[in-house]
Amino acid sequence: MYYITLFIQWCFIFSTTAQVIAPREGQWQGMIEYADEDVPFEFNITLVDDIPTVTIINGEEKVLIKNVTVKEDSIFIPLNPFDALIKAKFSEYSMEGEWKKGYRKKGIPFKATYGVPRFKPSRSKPRLSKKWELEFKPATRNPYPGVALLEVVDRQVNATILTEVGDFRYFSGVMKGDSLITSSFDGAHAFLLKVRLSGETMSGNLHFDSGYNEIVEGMVNAEANIPSPFAEVPEGHRPFYDILSAGDPDVKVDEDQYFDKVLVVQLFGTWCPNSMDQTNFLVDWYHEKPEGVEVLAVTYEPNFTTAYGNQRIADYKEIMNVPYNITLGGELSKGQAALSLPYKDKINAFPTLVLVDKSGFIRYEFSYFNGPATGVYYRQFKDQFKKLISQLVME
């Protein structure tokens, strides 16, 4: 009897101290811990043979991450296609660690809790206007305009923000009393929008980074808009092809390979979520593009070295299944990116898209990108882009 009792006690001790081999399946609340605010987001974990797959959820967007690894009590979540990673110690119901970008020295604290939603749901379905005119007021530069697009789904508020340098992608949140609180996490950026609504006006803050936020003020305006990214380029300008590969002295772009072809040049960064959205569009379109059209992407990278930039290109091409050439333009700089464009001192935003005709002259430019989160604006871009390509092919 003594040995049976001892055996039962040993089994109980072992079962309560045995190491958890993977976090629990199901819904998790992640939290990016900025110095002044925490940015919550939602992700799900599924397990196959105790190997976790993570899905990050931002409203309509669901980002599947398959190559998650677990080593003892640590989990590593690569935030592809960006050079970013979540690494954390975990138990069955919690995680604690950091969100780290490869080109930054310091990470930002991260924690996660099992079974907790992104935000506690509103008690009732919010009633919100769909379109708001915004003004952002940074502390160190001039104010700039924006447009917020809001959509109520059940008791949740999905949103995006358009600006003259691109959209802020997918937000998801709730109404709490007279306050709207929404957040977005895509692996490269973590945003938190907290505003108080009073009638047809709003005021509050948009948190971009640890210790950095901008005042935002807005009003309901069904006609709110921002300037179109599209422009015709003055006649007579050709891209400087040698500068398009300035980041790697061993690579030269051969202008002759684009002779008598329509060329799409994308100036972008592998660190940029808007660039990722535009690359997804270009990759899909490339497989059905007209005959006689080519794409050349040129990337500009932070914390620049040639070796780092080339590794980012190799990783990005593989992860994004990019079928066209990507070359290394150099260090992240709007001025550096404009050196290949003789009519500009600096580009407006990453990504910038230029269309070159069969004679080698730049004809059109898209100075920023409205991605799929923007709905009708994204559809307008696609229609206009394809129309211009067809026009240039026919010339």
Side-chain angles (χ1 to χ4, degrees), residues 18-33 38-102 107-119 121 153-154 156 158 169-173 183-191 270-277 279-281 283-284 311-312 314-322 371-373:
Q19 184 178 16
V20 177
I21 59 176
R24 180 172 282 269
E25 278 192 296
Q27 180 191 60
W28 289 71
Q29 181 203 62
M31 195 73 76
I32 303 298
E33 298 184 303
D38 293 343
V39 182
F41 66 97
E42 180 184 351
F43 65 96
N44 283 351
I45 290 181
T46 56
L47 299 175
V48 178
D49 297 329
D50 294 321
I51 304 299
T53 294
V54 171
T55 302
I56 297 174
I57 301 170
N58 288 298
E60 297 178 3
E61 182 185 50
K62 294 177 175 58
V63 180
L64 182 65
I65 301 172
K66 293 182 178 179
N67 50 342
V68 178
T69 57
V70 171
K71 296 181 180 178
E72 298 179 347
D73 63 346
S74 296
I75 187 168
F76 302 85
I77 306 172
L79 300 167
N80 296 328
F82 311 112
D83 181 16
L85 176 76
I86 286 175
K87 53 183 180 179
K89 300 286 187 181
F90 70 88
S91 66
E92 190 174 6
Y93 298 100
S94 65
M95 301 181 192
E96 188 168 350
E98 67 174 359
W99 169 43
K100 182 75 166 59
K101 299 180 183 181
I108 294 175
F110 159 84
K111 65 181 179 183
T113 308
Y114 174 76
V116 177
R118 182 192 210 104
F119 296 105
V153 180
D154 296 326
Q156 177 177 293
N158 293 336
R169 306 187 78 253
Y170 298 89
F171 283 70
S172 182
S183 65
S184 176
F185 179 70
D186 55 28
H189 292 144
F191 295 135
T270 67
W271 47 270
C272 171
N274 288 123
S275 294
M276 175 191 69
D277 286 337
T279 298
N280 279 327
F281 164 75
V283 168
D284 290 343
Q311 186 61 58
R312 287 301 302 140
D315 292 344
Y316 198 80
K317 287 196 72 169
E318 180 180 358
I319 293 165
M320 300 286 288
N321 296 312
V322 177

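As the structure is a computational prediction, the values presented were derived from the model and not from experiment. Numbers here are sequence positions counted from 1.
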Is [Y] close to [X] at the side-chain level, that is, under 4.5 Å between some pair of heavy atoms?
{"X": "P52", "Y": "T46", "result": "no"}
{"X": "M276", "Y": "Y316", "result": "yes"}
{"X": "P81", "Y": "T270", "result": "no"}
{"X": "T53", "Y": "V68", "result": "no"}
{"X": "S94", "Y": "K111", "result": "no"}

As an exercise, state the distance from [atom1] of [X] to [atom2] of [Y], rounded to the nearest 0.5 Å.
{"X": "I75", "Y": "K71", "atom1": "CD1", "atom2": "NZ", "value": "12.5 Å"}
{"X": "N280", "Y": "S275", "atom1": "CG", "atom2": "OG", "value": "11.0 Å"}
{"X": "N80", "Y": "F82", "atom1": "CG", "atom2": "CZ", "value": "9.5 Å"}
{"X": "D186", "Y": "F41", "atom1": "CG", "atom2": "CZ", "value": "10.5 Å"}
{"X": "E96", "Y": "F90", "atom1": "CD", "atom2": "CZ", "value": "14.0 Å"}

Could you tell me whether a side-chain N or O of [X] sits under 3.5 Å from a main-chain N or O of [Y], the two making a donor and an acceptor?
{"X": "Q29", "Y": "T113", "result": "no"}
{"X": "E98", "Y": "F110", "result": "no"}
{"X": "T55", "Y": "L64", "result": "no"}
{"X": "N58", "Y": "E61", "result": "no"}
{"X": "D49", "Y": "I51", "result": "no"}

Applying ring pair (Phe, Tyr, Trp, His ring centres under 6.0 Å), name anything that partners Y114, two or more places apart in sequence or on another chain.
W28, Y93
Should we say atom CD of E60 is surrounded by more than 12 heavy atoms from elsewhere, each under 6.0 Å from it?
no
Check this for me: K100, atom NZ, are more than 12 non-hydrogen atoms of other residues, nucleotides or ligands nearer than 6.0 Å?
yes
Evaluate the side-chain contact (heavy atoms from CB on, under 4.5 Å) criterion for residues T69 and N67: first the C-alpha distance (whole Å), next the side-chain angles of each, then the deciding distance (0.1 Å), finally the verdict.
CA-CA 6 Å; T69 57; N67 50 342; 6.0 Å; no
Considering the options F191, F43, W99, which one meets the ring pair (Phe, Tyr, Trp, His ring centres under 6.0 Å) requirement together with F185?
W99
Can you name the closest pair of heavy atoms from [X] and [Y] and give their distance?
{"X": "M31", "Y": "D38", "answer": "SD-CB, 3.5 Å"}
{"X": "M95", "Y": "A88", "answer": "CB-CB, 4.1 Å"}
{"X": "L79", "Y": "G187", "answer": "CD1-O, 3.7 Å"}
{"X": "G59", "Y": "N158", "answer": "CA-OD1, 3.5 Å"}
{"X": "P273", "Y": "A188", "answer": "CG-CB, 3.7 Å"}
{"X": "I45", "Y": "V54", "answer": "CG1-CG2, 4.2 Å"}

S184 versus R169, side-chain donor and acceptor atoms under 3.5 Å
no
Side-chain donor-acceptor pair under 3.5 Å between E42 and S172, yes or no?
no
side-chain contact (heavy atoms from CB on, under 4.5 Å) between N44 and I57: does it pass, once the steps are laid out?
CA-CA 8 Å; N44 283 351; I57 301 170; 3.7 Å; yes
Pair K101 + D83: basic N to acidic O under 4.0 Å
no
Can we say R24 and E92 salt-bridge, meaning some charged N sits less than 4.0 Å from an Asp/Glu carboxylate O?
yes
